[in-house]
Amino acid sequence: MKTLRIGIIGMGNMGSDHAKKLAQGTVPEVILTAVSENDGQRLAASRSYLPDTVGFFASPHEMMDSGLCDAVIIATPHYDHPELAIAAFSKGLHVLCEKPAGVYTKQVRAMNDKARDSGVVFGMMFNQRTNPLYRKMHDMIQGGELGAIKRVNWIITDWYRTQAYYDSGSWRATWAGEGGGVLINQCPHNIDLLQWICGMPTKVRAFCHEGKWHDIEVEDDVTAYLEFENGSTGVFVTTTGDLPGTNRLEITLEFGKLVCENNTLTLHKLSQSERQYCYESKDGFAQPTVDVSHVPVEGDNSQHMGVIQSFANSVLDGTALIADGEEGIRSLMLSNAMHLSSWLGETVDLPIDEEVFLRELEKKIEASNARVTNK
Ligand SMILES: NC(=O)c1ccc[n+]([C@@H]2O[C@H](COP(=O)([O-])OP(=O)(O)OC[C@H]3O[C@@H](n4cnc5c(N)ncnc54)[C@H](O)[C@@H]3O)[C@@H](O)[C@H]2O)c1
């Protein structure tokens, strides 16, 4: 069997979790050969749970130059992702990057350009794309069997976090260290799924409330209104402050409605197109019949290890990734648009003006009270 030698950069929550699973042989095609962590205590701790065969490095650049890795997984704070990825591409290493790809799209565009020039594989860790429920929604909607989308509502408020979570790392929930709050940390998955399933909106008007439920300077409560090219509209609501939270993705189309909630996908199927019925019916209060059913889904929800498996297969055999680096631009463009709309207090068109976004982000960083700078 062909194998891929992977090194991990950043041995915090996510990097250490990936490392432990890979060291156990969870993905047979992948051998964990090295890790790097610039916090001495965390690096020392990782020696206690990883085998001696792994190389341990304080510097990611030394790890990348060691000859031990064919590819790296980047699991550091967000601002570092582009710089580390570009360094890896320059050394001919393949990269699987934790979400989000970066904090602003200009950075991520540079990552994609460098990956293309280097001829290596650039994948994104959008692990919720392995969820069979979302895969089924994507296939049904993009396949067109339910007609055009009319409305999208996603209430995704089950990202509850306590103050202790925000206090657990000095980079967290700061403009300088993290580049945003719930939109940039928890929601990249949902925003990626939204654009993957429904396509990119063309206009966004958002309201981001900063430090509404926690003692933080970034947003922890967001309501965004979206408009799509075909005239359909959407609302995206998220927070880390609701308890209990909700995760309900509801998409209304010409031939019915799909609802994903409580790990179930429900189809409300109309006997005919609503658009046609609306104009053909002679009865002002009539409705077509609706058949309600649970949609069967197939496959495991392999999450992070599934994304790493597909990344390895892509490098070794040229197969398709679950999400490539370009997807990192699209999801970030949408989250940047939500931020920008709220900061400017107006509706923004997509693609947004990347320079304006960067200028506004820099103003937030300058006004920040946080001492940390990962930028
Ligand atoms: N896909 C998911 O489900 C998921 C879940 C949680 C976090 N994440 C993402 O993973 C990334 C890390 O988040 P986390 O929660 O693990 O953060 P964390 O703070 O727990 O870990 C980050 C680690 O990176 C280290 N680090 C920083 N710069 C470094 C560098 N240049 N070289 C080597 N090490 C460096 C830090 O010392 C720290 O140990 C973020 O992008 C986050 O959004 C993804």
Side-chain angles (χ1 to χ4, degrees), residues 7-21 34-47 49-50 55-66 69 72-88 93 95-103 107-108 111 123-131 134 156 158-159 161 164-174 176-193 218 240 301-308 310-311 322-323 327-328 331-332 335 372-375:
I8 298 180
I9 307 176
M11 291 296 287
N13 292 328
M14 208 62 251
S16 62
D17 193 60
H18 296 331
K20 286 174 195 163
K21 288 178 179 150
V35 298
S36 83
E37 166 59 58
N38 62 7
D39 175 308
Q41 281 186 343
R42 282 196 176 168
L43 185 63
S46 63
R47 287 179 188 272
Y49 56 79
L50 293 176
F56 296 87
F57 296 86
S59 151
H61 300 283
E62 280 175 25
M63 184 185 88
M64 290 192 258
D65 288 335
S66 68
C69 318
V72 294
I73 297 176
I74 299 174
T76 62
H78 313 152
Y79 277 114
D80 290 343
H81 294 178
E83 187 190 322
L84 289 167
I86 288 171
L93 300 175
V95 171
L96 178 60
C97 186
E98 265 300 347
K99 50 56 74 173
V103 175
Q107 292 179 307
V108 182
M111 290 161 92
M124 282 299 307
M125 181 58 87
F126 283 131
N127 45 287
Q128 292 201 16
R129 283 200 189 191
T130 66
N131 186 330
Y134 296 131
I156 172 71
D158 65 349
W159 286 121
R161 295 290 185 271
Y165 165 82
Y166 288 115
D167 294 344
S168 70
S170 56
W171 65 281
R172 289 194 189 281
T174 62
E178 184 158 17
V182 64
L183 286 178
I184 205 84
N185 188 311
Q186 284 76 28
C187 283
H189 293 297
N190 313 106
I191 292 174
D192 169 62
L193 289 169
V218 295
T240 53
N301 191 359
S302 55
Q303 292 280 352
H304 307 92
M305 292 301 119
V307 175
I308 294 174
S310 97
F311 174 69
I322 286 178
E327 301 292 302
S331 54
L332 192 60
S335 100
V372 63
T373 304
N374 276 316
K375 186 168 177 280

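Just so you know, ligand 1 is whichever comes first in the structure, and atom 1 is the first atom listed for that ligand.
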Look at the side chain of Lys99 and the backbone N and O of Asn185, then say whether any donor-acceptor pair between them is shorter than 3.5 Å. yes

Logged contact type for Arg42 with ligand 1, heavy-atom cut-off 4.0 Å, is side chain

Residue list, side-chain hydrogen bond (donor to acceptor under 3.5 Å, both in side chains) with Thr240, at least two apart or on another chain: Tyr166

State whether the side chain of Ser36 and the backbone N or O of Met63 hold a donor-acceptor pair below 3.5 Å, judged by distance alone. no

Should Gly169 be listed as contacting ligand 1, given a heavy-atom distance under 4.0 Å as the test? no

Should Gln303 be listed as contacting ligand 1, given a heavy-atom distance under 4.0 Å as the test? no

Number the atoms of ligand 1 from 1 as they appear, then name those within less than 4.0 Å of a heavy atom of His78, with their elements. 40 (C), 41 (O), 42 (C), 43 (O)

Does the pair Ile191 and Leu193 meet the rule for a side-chain contact (heavy atoms from CB on, under 4.5 Å), with working shown? CA-CA 5 Å; Ile191 292 174; Leu193 289 169; over 6 Å; no

Say whether Met125, considering both its backbone and side-chain N or O atoms, lies within less than 3.5 Å of an N or O atom on ligand 1. no

With heavy-atom distances below 4.0 Å as the criterion, list the atoms of ligand 1 near Ile9. 32 (N), 33 (C)

Per-atom contacts, ligand 1 versus His81 - under 4.0 Å to a heavy atom: 41 (O)

Pairwise side-chain contact, Leu332 with His78, heavy-atom cut-off 4.5 Å (strictly under): no

Below 4.0 angstrom from a heavy atom of Pro77, which ligand 1 atoms are there? Numbered from 1 as shown, please. 22 (C), 24 (O), 27 (C)

Only heavy atoms count here, so choose which of Ile74, Ile8, Asn13 is nearest to atom 20 (O) of ligand 1. Asn13

Side-chain touch Asp80/Ile74, heavy atoms, less than 4.5 angstrom: no

ring-ring contact (aromatic ring centres under 6.0 Å, His included) involving His304 - partner list, sequence neighbours excluded: His18

Out of Val307, Asn185, Asp80, Val35, who gets a non-hydrogen atom closest to atom 28 (N) of ligand 1? Asp80

Report yes or no: does Gln128 have a heavy atom closer than 4.0 Å to ligand 1? no

Between Ser46, Ala58, Ala75, flag the one that comes closest to atom 12 (C) of ligand 1 by a heavy atom. Ala75

Side-chain contact, heavy-atom cut-off 4.5 Å: Asn190 with Gln128? yes

For ligand 1, does Lys99 get within less than 4.0 Å through its side chain, its backbone, both, or neither, judged by non-hydrogen atoms? both

Measuring from non-hydrogen atoms of Phe126 to any atom of ligand 1, is the shortest distance under 4.0 Å? no

Given Ile184, Leu84, Asn127, Asn38, which has its nearest heavy atom closest to atom 35 (C) of ligand 1? Asn38

Evaluate Phe56 against Glu37 for side-chain contact (heavy atoms from CB on, under 4.5 Å), listing each step before the verdict. CA-CA 8 Å; Phe56 296 87; Glu37 166 59 58; over 6 Å; no

Please name the residue in the list Met124, Glu327, His189 that meets the side-chain contact (heavy atoms from CB on, under 4.5 Å) test with Arg129. Glu327

Pairs of nitrogen or oxygen atoms closer than 3.5 Å, one from Trp171 and one from ligand 1: do any exist? yes

Which is it for Glu98 and ligand 1 at heavy atoms under 4.0 Å: side chain, backbone, both or neither? side chain

Please state which part of Thr76 comes within less than 4.0 Å of ligand 1, counting heavy atoms only: side chain, backbone, both or neither. both

